[in-house]
Amino acid sequence: MLNEFKKFAMRGNVIDLAVGVVIGGAFGKIVSSLVADIIMPIVAMLVGRVSVADLAFGEVKYGVFLQSIIDFLIIAFSIFMFIKFLSRFKRKEEEVKVVVQIDKKEELLAEIRDLLKAEKDFSR
């Protein structure tokens, strides 16, 4: 069981996923700081409040929710752009790698077909 777990944990997909989670967490902190420290103060100036996170209707703190939505939208847009950027390179890589390999049987059948066609054309 330990060997099976070792094989599972050392596959490339699992390691890539772990790296993605760590980088995603760090990226999330950067975006949260961008929203909290740069974007929200600008929105607060436009709204006329000191902080958007302080917006509330009684006990309902919709300002914090608004800030979380902006965080999500920025992260989702950034990931969309990054994936779009990577897929452009992946498509080019796939176009280069497309090489048709003909099986030996198909190659022999093609030769026989060509010989029969040449013999038919010769006999006319």
Side-chain angles (χ1 to χ4, degrees):
M1 190 165 160
L2 183 62
N3 287 333
E4 289 179 35
F5 178 73
K6 194 186 281 185
K7 286 179 185 178
F8 170 77
M10 292 303 162
R11 284 195 305 190
N13 296 342
V14 175
I15 293 172
D16 290 344
L17 179 63
V19 170
V21 168
V22 171
I23 290 174
F27 183 71
K29 289 180 183 179
I30 291 170
V31 171
S32 294
S33 175
L34 171 72
V35 170
D37 300 330
I38 296 173
I39 294 174
M40 284 305 179
I42 294 170
V43 172
M45 284 189 293
L46 296 174
V47 173
R49 292 271 186 147
V50 175
S51 174
V52 174
D54 294 336
L55 292 175
F57 184 74
E59 294 294 318
V60 179
K61 297 180 180 181
Y62 65 90
V64 175
F65 180 69
L66 179 65
Q67 189 167 344
S68 296
I69 289 174
I70 293 173
D71 278 350
F72 170 76
L73 291 174
I74 291 173
I75 290 171
F77 182 72
S78 300
I79 291 172
F80 169 75
M81 293 304 291
F82 183 70
I83 290 174
K84 188 173 181 177
F85 176 75
L86 286 181
S87 68
R88 183 180 305 157
F89 288 113
K90 203 171 204 176
R91 264 187 268 133
K92 288 181 182 177
E93 185 178 297
E94 287 174 0
E95 290 173 5
V96 172
K97 287 187 177 180
V98 175
V99 177
V100 178
Q101 290 189 0
I102 300 174
D103 189 21
K104 287 269 189 188
K105 292 178 184 177
E106 290 177 13
E107 194 174 306
L108 288 172
L109 288 171
E111 286 179 21
I112 293 169
R113 178 199 64 210
D114 293 342
L115 287 172
L116 289 172
K117 186 176 181 181
E119 185 178 306
K120 183 179 178 183
D121 290 341
F122 182 73
S123 64
R124 286 187 181 184

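Just so it is clear, the structure is predicted and the values come from calculations on it, not from any experiment.
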Test of understanding: clusters of I, L, V, M, F, W, Y form through side-chain heavy atoms closer than 4.5 Å, transitively. Do [X] and [Y] belong to the same one?
X	Y	result
V64	I39	no
F80	L73	no
I38	I74	yes

Quick check: does any side chain N or O of S33 sit under 3.5 Å from a backbone N or O of K29, one acting as donor and the other as acceptor?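 It does not hold such a pair.
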Out of curiosity, [X] [atom1] to [Y] [atom2], how far, rounded to the nearest 0.5 Å?
X	Y	atom1	atom2	answer
L109	D114	CG	CG	11.0 Å
K105	E107	NZ	CD	13.5 Å
S78	I83	OG	CD1	11.0 Å

Of the non-hydrogen atoms in A56 and Y62, which two are nearest, and what is the gap between them?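 Closest approach of A56 to Y62: C-CE2, 3.6 Å.
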Under the side chain to side chain contact (heavy atoms under 4.5 Å, CB included) test against I75, which residue among I70, I30, V31 passes?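 When I70, I30, V31 are each tested with I75, the side chain to side chain contact (heavy atoms under 4.5 Å, CB included) holds only for V31.
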